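From a predicted model like this one, the values you see are computed outputs, not experimental measurements. A, B, ... follow the sequence lines: proteins, then strands. Residue 1 opens every chain.
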There are 4 protein chains.
Amino acid sequence: MTTQSGKSPNPTRRSETSRRAILTAAFELVGEVGYARLSIEGIAARAGVGKQTIYRWWPSKGAVLFDAFLMLAEGRDDGSAALPDTGDLETDLRTVMRATVAELTDPRYDEPMRALTTELLHDPALAAAYTERLDGPMKELKRERLRSAQRAGQLPDELDLDLAVEMLWGPVRDRWLLRSGPLTPEYADAVVRTALGGLCSRP
Amino acid sequence: MTTQSGKSPNPTRRSETSRRAILTAAFELVGEVGYARLSIEGIAARAGVGKQTIYRWWPSKGAVLFDAFLMLAEGRDDGSAALPDTGDLETDLRTVMRATVAELTDPRYDEPMRALTTELLHDPALAAAYTERLDGPMKELKRERLRSAQRAGQLPDELDLDLAVEMLWGPVRDRWLLRSGPLTPEYADAVVRTALGGLCSRP
Amino acid sequence: MTTQSGKSPNPTRRSETSRRAILTAAFELVGEVGYARLSIEGIAARAGVGKQTIYRWWPSKGAVLFDAFLMLAEGRDDGSAALPDTGDLETDLRTVMRATVAELTDPRYDEPMRALTTELLHDPALAAAYTERLDGPMKELKRERLRSAQRAGQLPDELDLDLAVEMLWGPVRDRWLLRSGPLTPEYADAVVRTALGGLCSRP
Amino acid sequence: MTTQSGKSPNPTRRSETSRRAILTAAFELVGEVGYARLSIEGIAARAGVGKQTIYRWWPSKGAVLFDAFLMLAEGRDDGSAALPDTGDLETDLRTVMRATVAELTDPRYDEPMRALTTELLHDPALAAAYTERLDGPMKELKRERLRSAQRAGQLPDELDLDLAVEMLWGPVRDRWLLRSGPLTPEYADAVVRTALGGLCSRP
DNA sequence: TGCTAACCGAGACGGTACGTCCAGTCTTAGT
DNA sequence: ACTAAGACTGGACGTACCGTCTCGGTTAGCA
């Protein structure tokens, strides 16, 4: 549940109440005051918790943020849900990509995700945990949908599915990160269409 | 030259010596100690400059970093250089994408670029300046190469060149940012090939 | 006119306008913001003067303050006026001492005088200038009044007049400085009476 | 023990070690570098203490200095000692006044006392604390000696003892403060003799 | 009357210290 | 043993001034 490694305190004594309060406070605070003003002291105060309780269980601010996302992801429990599979690959991808755009655009998630991304940028261990625990499961669902298309003969068997997922979601994440252009459902559609057909193909 | 806006001090009295010392110190320091330990105080000390001289001319640490990159970019003077155009689009794109991968992989630029990216993430104004001043010119070169391919009939006229560029470089930037997979020349090649042909096409 | 010593700039070129503006600004400012917040920059800004004009003509903040008092003292032109001499020494001393108390109590002079006193405390050269230029003339008037009393046989010839003046005004200055007790006209009267008669005498 | 007022941090958790280190450092530093160069940062550095520990417990630099004097005064433990009482008032007063002169002349105490005096000058609350905690006990001893003289019939019962003490020590403090004349044992003797006899009396 | 040196305002510069915030460690008292 | 609380050392923040240093623009005095 926690990113902490190495010699830890006895986890059976851990207060679940404090844990949830900390993660909730962290997520809310980062949304309210932004990444720059997010502090351990602030989280502890908001959660009604001693600072040491945070330092005891998490190695860094980023790890707290990470666990906060993890708690949310588990709360939604969509980890087991599959992506839509109507048989029409392009439509299904559009649906999912538009959902991604909607989430990235949601002001409640924007700041927290930027904050987490910042920590991932500078902490390879955290980034690995992210890849495995948060991004991984979602990416597997995406791969699974593409695999289904391969089975249906809509995609070549030799296609590297990891690469394919990255080609679809990479441009979207890029626009979100650097705000290099409008991040709209239409953009999602265009990415899907062009990715499937290739740059060379006439639409 | 500077990101500063609003009522500024008289720029004609500005010390060019201090300006260069600050930008150089900032770039070097972030490479040495990393983003987390980069401080205005540290930059000022390393540059042999009063803190106020930094606060007078730059609104944030990110703006200093941005100008440092700008100084470097202008020093390289590749702003006017065109991308290779041998007539073979795929080969040319591979060359350029491999160069991008090489730069992102270069340890001298990795940390500074991560630091700048962090600031861009949380500062829309800075991100806009980045898009216009640093990313923009390079992106125009890329668009120009694709335009040339359009003229040669290798790419359809209706292709959105912005989208095309993002589909090529987005996945690479993504892997770099989150270290979600190995960032190799081969990956660059694969992205180019798949982007051009489309996910559906048999290689 | 100035406390400045050593190699000075050519005083014939000196701007009398600036000089007066600086001294006025200094006196007013210290009364408004207090000693702790009095700064050369503030004086220069208030006087509409470059900082260098202050540094050129005065060696320290205290010297500016000193000259400000000097300007005031000369403006009042009571340097030549004699103290009252009605023949009744005690009454005359009461009058003068009450005037001293009134001045020290005047809110317009209280802060400026405290500020100047602070500087005198830590700058022997300035204290010497004060003793000679500001306190000296006034003390001579006081001595003169006592001398007149000696001539009239009201005070013994052997009396050390400096000591006498200090015994009269010292306690008053003390109460003012440390606010160690109420500084009232009645106190002035009591000091005069007791000093003349001595502690041992029955009033 | 401290001048701090208003809502304070929990004093039971206070580090006595840090407190003593701060007060000692403050006293030593002011003696070494003088009032003008005395800084909170310097005190903290010398004491091996975080700046916040000073700001947490004292409201101003002057309050630190005050407590430093308080610590010294308690260390000397002469608060309970009585002044000499040989029956010869003038001689006893000379002894005590000469001691005062010696202390004010002692280079180890001169700068620190000037610094404290400066703060008292501009901080009425601190001055009140000084009057009550430091000057008060000593003044009571002086009054007590004079009271004894009253009992012995050497001083009139109607004599205001506060005034008497101020008339004796005021001139001395005055000379010390403004260096308006030589501060010698002889001066102390002259003040005592003249104060007792009065200005009018023939010595 | 025109030249030139000194003064003027303005304000940028390298610095020091301010008083605040927070990091991460440690101690105390309570459950 | 873990917790809430919070004092501790320490480092950086962003601001205010220090005293020095140009910079153009007057201004006075000599040529």
Side-chain angles (χ1 to χ4, degrees), chain A residues 9-15 17-19 21 36-45 47-57 59-61, chain B residues 9-15 17-19 21 36-45 47-57 59-61, chain C residues 9-15 17-19 21 36-45 47-57 59-61, chain D residues 9-15 17-19 21 36-45 47-57 59-61:
Chain A
N10 182 349
T12 67
R13 297 281 197 141
R14 182 169 188 179
S15 159
T17 308
S18 293
R19 190 186 147 269
R37 296 193 199 285
L38 180 69
S39 65
I40 300 273
E41 291 214 340
I43 296 170
V49 137
K51 284 201 296 176
Q52 197 58 31
T53 302
I54 299 183
Y55 284 109
R56 183 155 30 231
W57 300 108
S60 70
K61 202 165 61 179
Chain B
N10 183 347
T12 70
R13 295 244 184 277
R14 183 169 187 178
S15 159
T17 306
S18 295
R19 189 184 147 270
R37 295 193 202 287
L38 179 69
S39 65
I40 299 270
E41 291 215 340
I43 296 171
V49 138
K51 281 199 291 178
Q52 198 58 44
T53 301
I54 299 183
Y55 285 109
R56 180 152 38 227
W57 299 109
S60 69
K61 203 164 59 178
Chain C
N10 181 349
T12 68
R13 298 280 198 138
R14 181 168 191 180
S15 159
T17 308
S18 294
R19 188 185 149 271
R37 297 195 198 285
L38 180 69
S39 66
I40 300 272
E41 292 216 340
I43 296 171
V49 138
K51 285 201 294 176
Q52 195 68 314
T53 302
I54 299 182
Y55 285 108
R56 185 157 29 233
W57 300 109
S60 70
K61 201 164 62 178
Chain D
N10 183 347
T12 69
R13 296 245 182 277
R14 182 168 190 179
S15 160
T17 308
S18 295
R19 189 184 148 269
R37 293 193 203 287
L38 180 68
S39 66
I40 299 271
E41 291 216 337
I43 296 171
V49 138
K51 281 200 291 177
Q52 198 58 44
T53 300
I54 299 182
Y55 285 110
R56 185 159 28 235
W57 300 109
S60 68
K61 203 163 60 178

Quiz item: Should B/Ile54 and B/Lys51 count as side-chain neighbours, where that means a heavy-atom distance under 4.5 Å?
Solution: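 Sidechains of B/Lys51 and B/Ile54: no contact.
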Practice problem: State, with a plain yes or no, whether a side-chain heavy atom of B/Trp57 is found less than 4.5 Å away from one of B/Arg14. | Solution: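 Counting from C-beta outward, B/Trp57 and B/Arg14 do come under 4.5 Å.
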Quiz item: Should D/Ser18 be listed as having a side-chain N or O under 4.0 Å from OP1 or OP2 of F/dT9?
Solution: yes
Quiz item: Under 4.0 Å between a side-chain N or O of C/Trp57 and OP1 or OP2 of E/dC8?
Solution: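 It does, given that an N or O in the side chain of C/Trp57 lies less than 4.0 Å from OP1 or OP2 of E/dC8.
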Using whole Å, what does the distance between atom [atom2] of nucleotide [N] and atom [atom1] of [X] come to?
{"X": "C/Asn10", "N": "E/dT4", "atom1": "CG", "atom2": "P", "result": "19 Å"}
{"X": "A/Arg14", "N": "F/dT3", "atom1": "CZ", "atom2": "C1'", "result": "13 Å"}
{"X": "C/Tyr55", "N": "E/dC7", "atom1": "OH", "atom2": "C1'", "result": "18 Å"}
{"X": "A/Ile54", "N": "F/dC2", "atom1": "CD1", "atom2": "P", "result": "17 Å"}
{"X": "B/Arg19", "N": "E/dG14", "atom1": "CZ", "atom2": "P", "result": "14 Å"}
{"X": "D/Ile40", "N": "E/dT16", "atom1": "CD1", "atom2": "C1'", "result": "14 Å"}
{"X": "A/Ile43", "N": "E/dG24", "atom1": "CD1", "atom2": "P", "result": "11 Å"}
{"X": "D/Glu41", "N": "E/dC18", "atom1": "CD", "atom2": "P", "result": "6 Å"}

Quiz item: For DNA chain E, whose closest nucleotide is more 5', that of A/Arg37 or that of C/Val49?
Solution: C/Val49
Quiz item: Toward the 5' end of DNA chain E, which comes first, D/Arg13 or B/Thr53, by nearest nucleotide?
Solution: B/Thr53
Practice problem: Return yes if the base of E/dG15 and the side-chain atoms of B/Lys51 contain a donor-acceptor N/O pair under 3.5 Å, otherwise no. | Solution: no
Exercise. Search all heavy atoms of D/Leu38 against all heavy atoms of D/Lys61 and return the closest pair with its distance.
Key: O-NZ, 3.0 Å
Practice problem: Identify the heavy atoms of D/Ala44 and D/Gly50 that sit nearest to each other, and give their distance. | Solution: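 Result for this residue pair: CB-C, 4.3 Å.
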Exercise. Looking only at side-chain atoms of D/Gln52, point me to the closest of E/dC13, F/dT9, E/dC8.
Key: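 Of the options given, the side chain of D/Gln52 lies nearest F/dT9.
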Could you tell me whether [X] contacts a base, only the sugar-phosphate backbone, or nothing, with contacts defined as non-hydrogen atoms closer than 4.0 Å?
{"X": "C/Thr12", "answer": "nothing"}
{"X": "D/Ser15", "answer": "sugar-phosphate"}
{"X": "B/Gly48", "answer": "sugar-phosphate"}

Quiz item: How many angstroms lie between atom CD of D/Gln52 and atom CD1 of D/Ile40, to the nearest 0.5 angstrom?
Solution: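 These two atoms lie 11.0 Å from each other.
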Quiz item: Which sits closer to the 5' end of DNA chain F, C/Leu38 or A/Gly50, going by the nucleotide each is nearest to?
Solution: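 Its nearest nucleotide being more 5', the pick is A/Gly50.
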